[in-house]
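One-based numbering, in listed order, for ligands and for the atoms of each. It should be emphasised that the depicted structure is a prediction, and the values quoted were computed from it without experimental measurement.
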Amino acid sequence: MVTQRNTSSHRIDEAVSLLSKEKLDPRPVSWSDERLLVTQRNPPSKIIAKLEETGIVQRLVVPSHVAQLASREFQNEKSVVRVGTAEIGARKIVVIAGPCSVERWDQLLEAARAAKRAGASLLRGGVFKPRTSPYEFQGLGEPGLRLLAKASGETGLPVVTEILEPGKVKLVAKYADMFQIGARNAQNFSLLKAVGKSRKPVLLKRGMMMTIDEWLQAAEYILLEGNPNVVLCERGIRTFEKATRNTLDLAAVAVLRRQTHLPVLVDPSHATGSRDLVAPMAKAAVAAGADGLMIETHPSPESALSDPHQQLNLEEFGKLMEELDPVAKAVGRAIR
Ligand code: PEP
Ligand code: MN
(Lines give C-alpha, C1' and ligand atoms only; values in the text may rest on other atoms or scores of the structure.)
(Ligands and ions follow the chains in the order given, each with its own letter.)
Protein backbone atom coordinates (compact mmCIF):
# COMPACT_ATOMS: atom_id res chain seq x y z
CA MET A 1 0.00 0.00 0.00
CA VAL A 2 1.27 3.47 -0.90
CA THR A 3 0.10 5.99 1.70
CA GLN A 4 -1.11 9.53 1.05
CA ARG A 5 1.73 12.02 1.10
CA ASN A 6 0.44 13.98 4.08
CA THR A 7 -0.20 10.96 6.32
CA SER A 8 1.06 11.56 9.87
CA SER A 9 3.22 8.99 11.66
CA HIS A 10 0.37 8.58 14.11
CA ARG A 11 -2.04 7.49 11.36
CA ILE A 12 0.58 5.09 9.98
CA ASP A 13 0.99 3.59 13.48
CA GLU A 14 -2.79 3.06 13.64
CA ALA A 15 -2.75 1.25 10.29
CA VAL A 16 0.22 -0.85 11.43
CA SER A 17 -1.63 -1.91 14.55
CA LEU A 18 -4.78 -2.77 12.55
CA LEU A 19 -2.76 -4.92 10.14
CA SER A 20 -0.74 -6.49 12.96
CA LYS A 21 -3.95 -7.66 14.63
CA GLU A 22 -4.68 -9.57 11.43
CA LYS A 23 -1.18 -11.12 11.60
CA LEU A 24 -0.18 -9.50 8.28
CA ASP A 25 3.23 -8.43 9.58
CA PRO A 26 3.05 -4.86 8.20
CA ARG A 27 6.35 -3.13 7.38
CA PRO A 28 6.56 0.65 6.94
CA VAL A 29 9.06 1.37 4.16
CA SER A 30 10.42 4.75 2.99
CA TRP A 31 10.52 4.58 -0.79
CA SER A 32 12.11 7.66 -2.37
CA ASP A 33 9.69 10.37 -1.24
CA GLU A 34 6.81 7.99 -0.58
CA ARG A 35 5.87 5.95 2.45
CA LEU A 36 4.67 2.42 1.98
CA LEU A 37 3.09 -0.21 4.14
CA VAL A 38 4.08 -3.64 2.93
CA THR A 39 2.26 -6.69 4.25
CA GLN A 40 3.19 -10.33 4.21
CA ARG A 41 0.00 -11.32 2.37
CA ASN A 42 -2.77 -9.41 0.62
CA PRO A 43 -5.12 -8.11 3.37
CA PRO A 44 -8.72 -9.44 3.41
CA SER A 45 -11.30 -7.13 1.83
CA LYS A 46 -12.83 -6.07 5.17
CA ILE A 47 -9.42 -4.76 6.30
CA ILE A 48 -8.88 -3.00 3.00
CA ALA A 49 -12.27 -1.32 3.44
CA LYS A 50 -11.30 -0.20 6.97
CA LEU A 51 -8.00 1.25 5.74
CA GLU A 52 -9.73 3.08 2.91
CA GLU A 53 -12.13 4.63 5.44
CA THR A 54 -9.16 6.17 7.26
CA GLY A 55 -8.24 8.09 4.09
CA ILE A 56 -4.54 7.26 4.25
CA VAL A 57 -4.51 4.96 1.22
CA GLN A 58 -3.17 6.57 -1.94
CA ARG A 59 -2.76 3.33 -3.89
CA LEU A 60 -3.27 -0.33 -3.11
CA VAL A 61 -1.03 -2.77 -4.93
CA VAL A 62 -2.08 -6.39 -5.18
CA PRO A 63 0.87 -8.33 -6.57
CA SER A 64 0.08 -11.49 -8.49
CA HIS A 65 3.45 -13.15 -8.00
CA VAL A 66 6.22 -13.60 -5.41
CA ALA A 67 7.63 -10.10 -5.86
CA GLN A 68 6.01 -7.06 -4.28
CA LEU A 69 8.33 -4.06 -4.51
CA ALA A 70 10.14 -5.58 -7.51
CA SER A 71 6.86 -6.33 -9.30
CA ARG A 72 5.46 -4.57 -12.33
CA GLU A 73 2.16 -4.17 -10.46
CA PHE A 74 3.96 -1.92 -7.99
CA GLN A 75 5.86 -0.08 -10.71
CA ASN A 76 5.16 -0.66 -14.35
CA GLU A 77 7.74 1.76 -15.65
CA LYS A 78 11.26 0.35 -15.91
CA SER A 79 13.60 1.51 -13.19
CA VAL A 80 16.73 3.45 -14.04
CA VAL A 81 19.45 2.96 -11.43
CA ARG A 82 22.02 5.75 -11.33
CA VAL A 83 25.59 4.84 -10.40
CA GLY A 84 27.76 7.93 -10.58
CA THR A 85 27.55 9.03 -14.20
CA ALA A 86 26.05 5.72 -15.40
CA GLU A 87 22.31 5.12 -15.84
CA ILE A 88 21.44 1.43 -15.76
CA GLY A 89 18.12 0.63 -17.41
CA ALA A 90 18.05 3.60 -19.79
CA ARG A 91 18.55 3.37 -23.58
CA LYS A 92 22.30 3.00 -23.41
CA ILE A 93 23.65 -0.49 -22.79
CA VAL A 94 25.76 -0.22 -19.65
CA VAL A 95 28.96 -2.23 -19.86
CA ILE A 96 30.87 -3.04 -16.68
CA ALA A 97 34.44 -4.05 -17.45
CA GLY A 98 37.57 -4.77 -15.48
CA PRO A 99 39.58 -7.61 -14.00
CA CYS A 100 38.23 -10.53 -12.04
CA SER A 101 40.57 -9.52 -9.18
CA VAL A 102 42.43 -6.32 -8.47
CA GLU A 103 46.04 -7.54 -8.44
CA ARG A 104 48.36 -4.53 -8.87
CA TRP A 105 48.04 -0.82 -9.64
CA ASP A 106 49.46 -1.03 -13.18
CA GLN A 107 47.18 -3.98 -14.00
CA LEU A 108 44.07 -2.16 -12.75
CA LEU A 109 44.94 1.18 -14.32
CA GLU A 110 45.59 -0.39 -17.72
CA ALA A 111 42.29 -2.28 -17.60
CA ALA A 112 40.43 0.82 -16.39
CA ARG A 113 41.84 3.03 -19.16
CA ALA A 114 40.98 0.43 -21.80
CA ALA A 115 37.45 0.13 -20.39
CA LYS A 116 36.98 3.88 -20.58
CA ARG A 117 38.46 4.11 -24.07
CA ALA A 118 36.20 1.38 -25.42
CA GLY A 119 33.05 2.97 -23.98
CA ALA A 120 32.39 0.98 -20.79
CA SER A 121 30.36 2.81 -18.12
CA LEU A 122 31.66 1.16 -14.93
CA LEU A 123 34.85 -0.44 -13.70
CA ARG A 124 34.78 -3.76 -11.85
CA GLY A 125 37.42 -5.53 -9.79
CA GLY A 126 37.21 -7.99 -6.92
CA VAL A 127 39.14 -7.33 -3.73
CA PHE A 128 37.28 -9.74 -1.43
CA LYS A 129 37.23 -12.88 -3.53
CA PRO A 130 34.82 -15.75 -2.79
CA ARG A 131 37.18 -18.52 -3.96
CA THR A 132 36.11 -22.15 -4.03
CA SER A 133 39.47 -23.21 -2.61
CA PRO A 134 40.96 -21.55 0.47
CA TYR A 135 44.38 -22.09 -1.15
CA GLU A 136 43.63 -19.71 -4.03
CA PHE A 137 44.16 -15.93 -4.18
CA GLN A 138 41.68 -14.33 -1.78
CA GLY A 139 42.01 -10.73 -3.00
CA LEU A 140 43.89 -7.67 -1.77
CA GLY A 141 41.24 -6.52 0.72
CA GLU A 142 41.20 -2.85 1.75
CA PRO A 143 44.38 -1.86 -0.16
CA GLY A 144 42.55 -3.13 -3.27
CA LEU A 145 39.59 -0.88 -2.49
CA ARG A 146 41.97 2.09 -2.38
CA LEU A 147 43.32 1.12 -5.82
CA LEU A 148 39.78 0.92 -7.20
CA ALA A 149 38.95 4.40 -5.89
CA LYS A 150 42.19 5.72 -7.38
CA ALA A 151 41.44 4.13 -10.77
CA SER A 152 37.97 5.65 -10.61
CA GLY A 153 39.55 9.05 -9.98
CA GLU A 154 41.91 8.60 -12.96
CA THR A 155 39.25 7.54 -15.45
CA GLY A 156 36.00 8.98 -14.10
CA LEU A 157 34.44 5.49 -14.17
CA PRO A 158 32.32 4.58 -11.12
CA VAL A 159 33.35 1.27 -9.52
CA VAL A 160 31.52 -1.87 -8.45
CA THR A 161 33.07 -4.50 -6.20
CA GLU A 162 31.89 -7.57 -4.35
CA ILE A 163 31.09 -7.50 -0.66
CA LEU A 164 31.14 -10.76 1.31
CA GLU A 165 30.00 -9.80 4.81
CA PRO A 166 27.53 -7.39 6.43
CA GLY A 167 30.29 -6.00 8.67
CA LYS A 168 32.09 -4.57 5.61
CA VAL A 169 29.26 -2.34 4.33
CA LYS A 170 30.74 0.88 5.72
CA LEU A 171 34.23 0.09 4.48
CA VAL A 172 33.20 -0.90 0.94
CA ALA A 173 30.76 2.05 0.73
CA LYS A 174 33.63 4.40 1.47
CA TYR A 175 35.46 3.41 -1.73
CA ALA A 176 32.93 1.89 -4.16
CA ASP A 177 29.93 3.32 -6.00
CA MET A 178 28.02 0.05 -6.15
CA PHE A 179 27.97 -3.15 -4.10
CA GLN A 180 28.11 -6.50 -5.85
CA ILE A 181 26.45 -9.47 -4.21
CA GLY A 182 27.96 -12.53 -5.82
CA ALA A 183 26.30 -15.78 -6.82
CA ARG A 184 27.53 -17.54 -3.69
CA ASN A 185 25.95 -14.93 -1.42
CA ALA A 186 22.77 -14.25 -3.34
CA GLN A 187 20.70 -15.79 -0.53
CA ASN A 188 22.80 -14.50 2.36
CA PHE A 189 19.84 -12.70 3.87
CA SER A 190 21.73 -10.74 6.51
CA LEU A 191 24.06 -9.41 3.78
CA LEU A 192 21.07 -8.50 1.59
CA LYS A 193 19.47 -6.59 4.48
CA ALA A 194 22.74 -4.84 5.28
CA VAL A 195 23.21 -3.48 1.74
CA GLY A 196 19.49 -2.63 1.73
CA LYS A 197 19.99 -0.35 4.71
CA SER A 198 22.61 1.57 2.75
CA ARG A 199 21.19 3.54 -0.18
CA LYS A 200 24.07 2.63 -2.47
CA PRO A 201 23.16 0.73 -5.67
CA VAL A 202 23.41 -3.05 -5.49
CA LEU A 203 24.25 -5.47 -8.29
CA LEU A 204 22.58 -8.72 -7.31
CA LYS A 205 23.89 -11.72 -9.16
CA ARG A 206 21.82 -14.84 -9.61
CA GLY A 207 22.82 -17.68 -7.33
CA MET A 208 24.06 -20.69 -9.27
CA MET A 209 21.20 -22.83 -7.90
CA MET A 210 18.50 -20.16 -7.82
CA THR A 211 15.20 -20.11 -9.66
CA ILE A 212 14.05 -16.75 -11.03
CA ASP A 213 11.41 -16.55 -8.26
CA GLU A 214 14.03 -17.12 -5.55
CA TRP A 215 16.20 -14.46 -7.15
CA LEU A 216 13.35 -11.93 -7.14
CA GLN A 217 12.68 -12.72 -3.49
CA ALA A 218 16.35 -12.06 -2.70
CA ALA A 219 15.93 -8.67 -4.40
CA GLU A 220 12.87 -8.05 -2.17
CA TYR A 221 15.09 -8.34 0.91
CA ILE A 222 17.13 -5.37 -0.33
CA LEU A 223 14.14 -3.33 -1.54
CA LEU A 224 12.20 -3.86 1.68
CA GLU A 225 14.94 -2.05 3.59
CA GLY A 226 14.10 1.01 1.47
CA ASN A 227 16.93 0.75 -1.07
CA PRO A 228 15.31 0.98 -4.53
CA ASN A 229 18.64 0.82 -6.40
CA VAL A 230 18.79 -2.86 -7.28
CA VAL A 231 20.14 -4.26 -10.56
CA LEU A 232 19.91 -7.99 -11.37
CA CYS A 233 22.71 -9.86 -13.13
CA GLU A 234 22.27 -13.26 -14.81
CA ARG A 235 25.56 -15.19 -14.65
CA GLY A 236 24.56 -18.72 -15.51
CA ILE A 237 23.23 -21.58 -13.42
CA ARG A 238 24.45 -25.09 -12.66
CA THR A 239 23.09 -27.77 -14.92
CA PHE A 240 24.27 -31.17 -16.14
CA GLU A 241 26.05 -29.47 -19.06
CA LYS A 242 29.82 -29.46 -18.68
CA ALA A 243 30.91 -27.76 -21.91
CA THR A 244 30.47 -24.36 -20.30
CA ARG A 245 31.31 -23.34 -16.72
CA ASN A 246 27.63 -22.57 -16.12
CA THR A 247 24.54 -22.58 -18.33
CA LEU A 248 23.64 -19.05 -19.37
CA ASP A 249 19.88 -18.67 -18.95
CA LEU A 250 19.09 -15.96 -21.46
CA ALA A 251 15.37 -16.66 -21.27
CA ALA A 252 15.62 -15.28 -17.72
CA VAL A 253 16.24 -11.85 -19.24
CA ALA A 254 12.91 -11.98 -21.07
CA VAL A 255 11.07 -13.53 -18.12
CA LEU A 256 12.36 -10.83 -15.79
CA ARG A 257 11.30 -8.11 -18.21
CA ARG A 258 7.78 -9.48 -17.84
CA GLN A 259 7.91 -9.71 -14.04
CA THR A 260 10.00 -6.82 -12.76
CA HIS A 261 10.84 -3.17 -13.34
CA LEU A 262 14.42 -3.73 -12.13
CA PRO A 263 17.23 -3.47 -14.72
CA VAL A 264 18.81 -6.75 -15.81
CA LEU A 265 22.44 -7.31 -16.81
CA VAL A 266 24.18 -10.41 -18.15
CA ASP A 267 27.68 -11.64 -17.26
CA PRO A 268 28.85 -13.86 -20.13
CA SER A 269 32.31 -14.25 -18.54
CA HIS A 270 31.28 -16.27 -15.48
CA ALA A 271 28.41 -17.86 -17.41
CA THR A 272 30.68 -19.49 -19.99
CA GLY A 273 34.08 -19.58 -18.27
CA SER A 274 35.69 -19.48 -21.68
CA ARG A 275 37.19 -16.48 -23.49
CA ASP A 276 36.00 -17.45 -26.99
CA LEU A 277 32.38 -17.78 -25.83
CA VAL A 278 32.16 -14.35 -24.21
CA ALA A 279 31.57 -12.32 -27.40
CA PRO A 280 28.79 -14.47 -28.90
CA MET A 281 26.93 -14.62 -25.59
CA ALA A 282 27.39 -10.89 -24.98
CA LYS A 283 25.79 -10.17 -28.35
CA ALA A 284 22.96 -12.62 -27.67
CA ALA A 285 22.33 -10.96 -24.29
CA VAL A 286 21.99 -7.51 -25.84
CA ALA A 287 19.69 -8.94 -28.52
CA ALA A 288 17.58 -10.59 -25.79
CA GLY A 289 16.96 -7.24 -24.10
CA ALA A 290 19.61 -7.04 -21.37
CA ASP A 291 20.23 -3.53 -20.04
CA GLY A 292 23.94 -4.15 -19.89
CA LEU A 293 26.83 -6.55 -19.55
CA MET A 294 29.54 -7.41 -17.05
CA ILE A 295 32.72 -8.52 -18.80
CA GLU A 296 36.00 -9.51 -17.19
CA THR A 297 39.06 -7.92 -18.80
CA HIS A 298 42.77 -8.11 -18.00
CA PRO A 299 45.94 -6.76 -19.65
CA SER A 300 47.39 -10.30 -19.69
CA PRO A 301 44.66 -12.81 -18.87
CA GLU A 302 47.00 -15.86 -19.04
CA SER A 303 48.80 -14.63 -15.93
CA ALA A 304 45.69 -13.53 -14.00
CA LEU A 305 45.47 -14.63 -10.36
CA SER A 306 41.82 -15.68 -10.83
CA ASP A 307 39.66 -16.71 -13.79
CA PRO A 308 42.51 -16.70 -16.37
CA HIS A 309 40.49 -18.66 -18.96
CA GLN A 310 37.57 -16.30 -19.30
CA GLN A 311 39.02 -12.79 -19.12
CA LEU A 312 39.32 -10.89 -22.41
CA ASN A 313 42.53 -9.07 -23.16
CA LEU A 314 42.12 -5.35 -23.69
CA GLU A 315 42.24 -5.56 -27.46
CA GLU A 316 39.61 -8.30 -27.54
CA PHE A 317 37.41 -6.16 -25.32
CA GLY A 318 37.74 -3.14 -27.63
CA LYS A 319 36.82 -5.32 -30.61
CA LEU A 320 33.78 -6.74 -28.80
CA MET A 321 32.51 -3.23 -28.02
CA GLU A 322 32.71 -2.39 -31.75
CA GLU A 323 30.82 -5.56 -32.64
CA LEU A 324 28.11 -4.89 -30.07
CA ASP A 325 27.28 -1.55 -31.62
CA PRO A 326 25.10 -2.81 -34.52
CA VAL A 327 23.43 -5.41 -32.26
CA ALA A 328 22.42 -2.69 -29.81
CA LYS A 329 21.12 -0.49 -32.63
CA ALA A 330 19.06 -3.37 -34.02
CA VAL A 331 17.12 -3.57 -30.73
CA GLY A 332 16.73 0.18 -30.31
CA ARG A 333 19.61 0.63 -27.88
CA ALA A 334 23.07 2.19 -28.03
CA ILE A 335 26.47 0.99 -26.84
CA ARG A 336 28.06 4.44 -26.42
C1 PEP B 1 32.61 -12.01 -9.85
O2 PEP B 1 31.90 -11.34 -10.59
O3 PEP B 1 33.71 -11.63 -9.44
C4 PEP B 1 32.14 -13.34 -9.38
C5 PEP B 1 32.78 -14.03 -8.44
O6 PEP B 1 31.04 -13.76 -10.03
P7 PEP B 1 29.89 -14.79 -9.52
O8 PEP B 1 29.50 -14.33 -8.14
O9 PEP B 1 28.83 -14.59 -10.56
O10 PEP B 1 30.51 -16.15 -9.55
MN1 MN C 1 35.88 -13.85 -11.93
Side-chain angles (χ1 to χ4, degrees), residues 83 88 94-103 107-108 111 115 120 122-134 136-141 144-145 147-148 159-165 168 172 176-188 191-192 195 201-210 212 214-215 218-219 230-239 244-250 252-253 264-275 277-278 281-282 285 290 292-313 317:
V83 188
I88 310 179
V94 168
V95 177
I96 304 177
C100 178
S101 299
V102 175
E103 299 168 6
Q107 169 243 11
L108 182 63
L122 275 102
L123 174 66
R124 65 150 285 145
V127 303
F128 299 110
K129 295 301 297 176
R131 303 307 300 279
T132 302
S133 164
E136 287 175 341
F137 179 58
Q138 303 287 307
L140 296 180
L145 288 175
L147 295 183
L148 277 175
V159 297
V160 54
T161 195
E162 182 163 358
I163 176 164
L164 299 181
E165 358 161 9
K168 292 277 196 311
V172 175
D177 301 285
M178 183 180 212
F179 295 114
Q180 178 172 322
I181 304 283
R184 292 155 191 81
N185 266 315
Q187 283 181 306
N188 179 338
L191 184 59
L192 296 174
V195 294
V202 181
L203 181 69
L204 175 63
K205 286 202 159 187
R206 181 179 187 174
M208 52 189 97
M209 305 292 279
M210 264 162 98
I212 295 171
E214 287 164 346
W215 190 10
V230 177
V231 176
L232 303 169
C233 182
E234 160 67 34
R235 48 78 71 207
I237 48 175
R238 280 258 165 112
T239 68
T244 49
R245 181 176 177 181
N246 293 287
T247 298
L248 179 58
D249 181 10
L250 274 187
V253 175
V264 182
L265 305 189
V266 170
D267 169 354
S269 303
H270 291 92
T272 63
S274 179
R275 189 154 28 255
L277 301 179
V278 171
M281 291 303 97
L293 299 164
M294 169 175 269
I295 295 173
E296 286 192 337
T297 60
H298 193 290
S300 47
E302 323 64 48
S303 60
L305 298 181
S306 56
D307 289 346
H309 307 298
Q310 70 195 33
Q311 302 197 59
L312 298 189
N313 70 35
F317 177 66

**OP:** Grab the two heavy atoms, one from E214 and one from M209, that are nearest each other, plus how far apart they are.
**Re:** OE1-O, 3.8 Å

Subject >> Amino acids contacting ligand 1, non-hydrogen cut-off under 4.0 Å >> reply: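 Correct list: R124, K129, E162, Q180, G182, A183, R184, K205, R235, H270.
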
Min side-chain heavy-atom separation [X]-[Y] under 4.5 Å:
| X | Y | result |
| --- | --- | --- |
| M281 | T244 | no |
| M178 | V231 | yes |
| C100 | Q311 | yes |

Original post:
Do side-chain atoms of N313 reach the backbone of P301 as a donor and acceptor pair under 3.5 angstrom?
Top reply: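 A pair under 3.5 Å: no.
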
Subject >> Short N-O contact, D267 and R124, less than 4.0 angstrom >> reply: no

Original post:
What pairs with E165 under salt bridge (Lys or Arg N to Asp or Glu O under 4.0 Å), at least two apart in sequence or on another chain?
Top reply: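 With sequence neighbours excluded, E165 shows a salt bridge (Lys or Arg N to Asp or Glu O under 4.0 Å) to K168, given in chain and number order.
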
**OP:** Return the set of residues passing salt bridge (Lys or Arg N to Asp or Glu O under 4.0 Å) with R131 (not counting sequence neighbours), or none when no residue passes.
**Re:**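 Scan of R131 (salt bridge (Lys or Arg N to Asp or Glu O under 4.0 Å), adjacent residues dropped) gives E136.
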
Subject >> Qualifying residue, where the test is side-chain contact (heavy atoms from CB on, under 4.5 Å) with D177 and the options are L123, L122, V83 >> reply: V83

Original post:
Using a distance threshold of 2.8 Å, what protein N/O/S atoms lie below it relative to the Mn ion (ligand 2)?
Top reply: C100 SG, H270 NE2, E296 OE2, D307 OD2

